[in-house]
2 protein chains.
Amino acid sequence: MRTTPEPGKRAYQSTEQRQSETIEAVVHLCAEQDPSSLTTARIAQKVGVSQGALFKHFPNKSSLWESVAGWVAGQLTTQVFSVADQYEQADKALEAMFLAHIGFIARHPGIPRLMLGELQKPGNQPAKRIIRQTLALYRQKIVSLLHRGIEQQHITPSIDTEAAAVLYIGAIQGLVVQAMVGGDIASIEQSAPRIFKLFSASFRETSHDPKE
Amino acid sequence: MRTTPEPGKRAYQSTEQRQSETIEAVVHLCAEQDPSSLTTARIAQKVGVSQGALFKHFPNKSSLWESVAGWVAGQLTTQVFSVADQYEQADKALEAMFLAHIGFIARHPGIPRLMLGELQKPGNQPAKRIIRQTLALYRQKIVSLLHRGIEQQHITPSIDTEAAAVLYIGAIQGLVVQAMVGGDIASIEQSAPRIFKLFSASFRETSHDPKE
DNA sequence: CAAAAGAAAGTAATTAATTACTTTATTCTG
DNA sequence: CAGAATAAAGTAATTAATTACTTTCTTTTG
């Protein structure tokens with residue numbers, strides 16, 4: 001059924017516009033639904049368009065997933081990495097990055113589901129490759145920040161940086177899983193600082209260590 | 001595979017036998033395939049039975065998932081918790097539990113996929129409830145071990161035990177995700193001790209000097 | 001104890017729904 | 001008007017579940 005468009009509003013959108021609307025819809029839907037059970041019909045409904053129309057803007061579903069993965073990767077890079085670059089002190093940068101990441105997830109609760117869902121898929125599909133690549137980049141960023149922290153003498157030089165990177169990502173994962181279990185995704189922003197504090201205790205330089 | 005006590009060949013298996021065979025098949029299949037894409041036909045094929053025969057032993061698919069979740073919960077409890085109970089010293093118990101958990105995952109690579117897959121499902125389906133409950137029990141176990149460690153003066157009393165429990169589970173998650181990215185699940189057993197060492201550095205009591 | 005009777009486990013084929021994707025016709029916009 | 005965007009109505013494939021029927025195991029009973 002067609003409704004007459006309101007005056008001043010475009011009834012028909014450009015392909016680019018529809019593409020980003022669709023990506024946004026997928027990200028939103030993932031907040032309340034398992035990505036693997038997302039149907040093109042449900043996505044189209046969210047966009048406010050017929051199911052078939054989706055294929056005017058994406059050649060197929062897996063291509064849509066690829067676009068979504070690309071969007072996530074881009075957002076993570078710009079929103080999280082850029083925060084880290086604002087700090088001279090490496091340990092402060094790590095903390096800010098951690099909190100920015102948690103904030104990003106809190107604003108987009110579907111993201112963890114999305115990324116985990118992609119990683120669970122077998123094979124080397126494009127979307128999985130993008131997520132994989134982004135995670136590798138992330139790990140690299142953390143390791144280099146840790147090294148800078150050692151140079152700045154804010155991080156103990158005896159630290160196992162590779163292990164710390166895994167634990168850093170794990171800390172985020174732990175928060176997310178905890179939130180999934182509790183069903184309360186907003187709560188992670190509250191507990192995030194406590195988790196990071198504990199995490200950083202494992203490598204904080206203890207040259208001055210006043211007992212309280 | 002269980003052998004019948006008598007050497008006579010048995011063409012038809014008992015429902016109980018088929019049920020556990022089916023659960024085993026699902027766990028194995030999850031090691032190489034996204035759980036949400038597992039079809040009853042594929043499962044039946046693995047068991048070596050017709051697709052329809054599955055429904056002689058399970059009323060429906062979701063009931064099968066419930067059984068699988070129950071199996072996982074049981075195995076985690078018996079295999080991981082029992083290890084912890086063998087140690088008097090709480091921090092040693094935590095480490096043994098951590099390594100036992102990683103070993104369990106290495107032996108059953110489908111388990112993380114299974115659990116994460118269940119948690120991603122919306123609503124309060126039985127299988128999800130079981131996983132959720134198991135995780136809660138797990139968290140509780142860690143917290144109580146931490147408290148015992150404080151009493152034994154092996155763990156610093158200033159520790160945020162709730163945060164530590166999240167970080168502990170996160171450390172396992174981080175290892176698993178890292179393995180998923182790398183595609184090499186066997187590697188986690190190798191890196192596990194390093195991760196735990198770093199994790200425990202965040203709360204190890206340094207003033208105390210235990211004899212070993 | 002053996003044969004009949006029934007219960008349980010199995011198969012192959014089918015069904016109703018659902019899915020990603022396609023085709024056709026219609027409507028909007030520059 | 002021409003081309004792009006859309007809706008509506010398809011299609012073929014896949015899926016969980018059911019069905020009608022057969023085979024095997026267990027129990028009852030004369």
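Here is how names work: the chains are called A, B, and so on, in the same order as the sequence lines, proteins then strands, and each is numbered from 1.
Counting heavy atoms from C-beta on, the side chains of B:Arg204 and B:His154 never come closer than 4.5 Å. Here the side chains of A:Ser20 and A:Trp71 are not in contact, with every heavy-atom distance at 4.5 Å or above. Counting heavy atoms from C-beta on, the side chains of B:Ser200 and B:Asp91 never come closer than 4.5 Å.
When the P atom of C:dA12 is taken as reference, atom CG of B:Leu54 falls 15 Å away, rounded to whole Å. Atom P of nucleotide C:dT14 and atom CZ of B:Phe55 are separated by 18 Å, given to the nearest angstrom. Computed from coordinates, the A:Ile43 CD1 to C:dC21 C1' distance equals 13 Å when rounded to whole Å. The nearest whole Å value for the distance from the CD atom in B:Glu16 to the P atom in C:dA7 is 20 Å. Going from atom CD of A:Gln45 over to atom P of D:dA7 covers 12 Å, rounded to whole Å. As a whole-Å value, the separation of B:Gln17 CD from D:dC25 C1' is 15 Å. Atom CH2 in A:Trp65 sits roughly 10 Å away from atom P in C:dA20 (whole-Å rounding).
Geometrically, A:Lys128 does not engage A:Trp65 in a cation-pi contact, judged by NZ or CZ lying under 6.0 Å from the ring centre and within 45° of the ring axis.
Between C:dA8 and B:Arg18, no contact under 4.0 Å exists linking OP1 or OP2 to a side-chain N or O.
Nearest-nucleotide assignment on DNA chain D puts the 5′-proximal partner with B:Ser62, out of B:Ser62 and B:Tyr12.
Closest contact between the side chain of A:Lys56 and the listed nucleotides D:dT23, C:dT11, D:dT6 involves D:dT6. Across C:dA20, D:dA7, D:dA5, the shortest atom-to-atom separation from the side chain of A:Ala53 is found for D:dA7. Side-chain atoms of A:Gln51 lie closest to C:dA20 of the nucleotides C:dA9, D:dC25, C:dA20. Nearest nucleotide to the side chain of B:His57, out of C:dA9, D:dA17, C:dT22: C:dA9.
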What verdict does the salt bridge (Lys or Arg N to Asp or Glu O under 4.0 Å) test give for A:Arg148 and A:Glu151, after you've listed the backbone C-alpha separation in whole Å, the side-chain angles of each residue and the deciding distance to 0.1 Å?
CA-CA 5 Å; A:Arg148 214 176 73 202; A:Glu151 288 171 14; over 6 Å; no
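Looking at residues 25-42 of chain B, you'll see that no heavy atom sits under 4.0 Å from any atom of DNA chain C.
The only option from B:Tyr168, B:Tyr87, B:Phe199 that meets the ring pair (Phe, Tyr, Trp, His ring centres under 6.0 Å) definition with B:Phe98 turns out to be B:Tyr168.
No side-chain donor-acceptor contact under 3.5 Å links B:Gln173 to the backbone of A:Val177.
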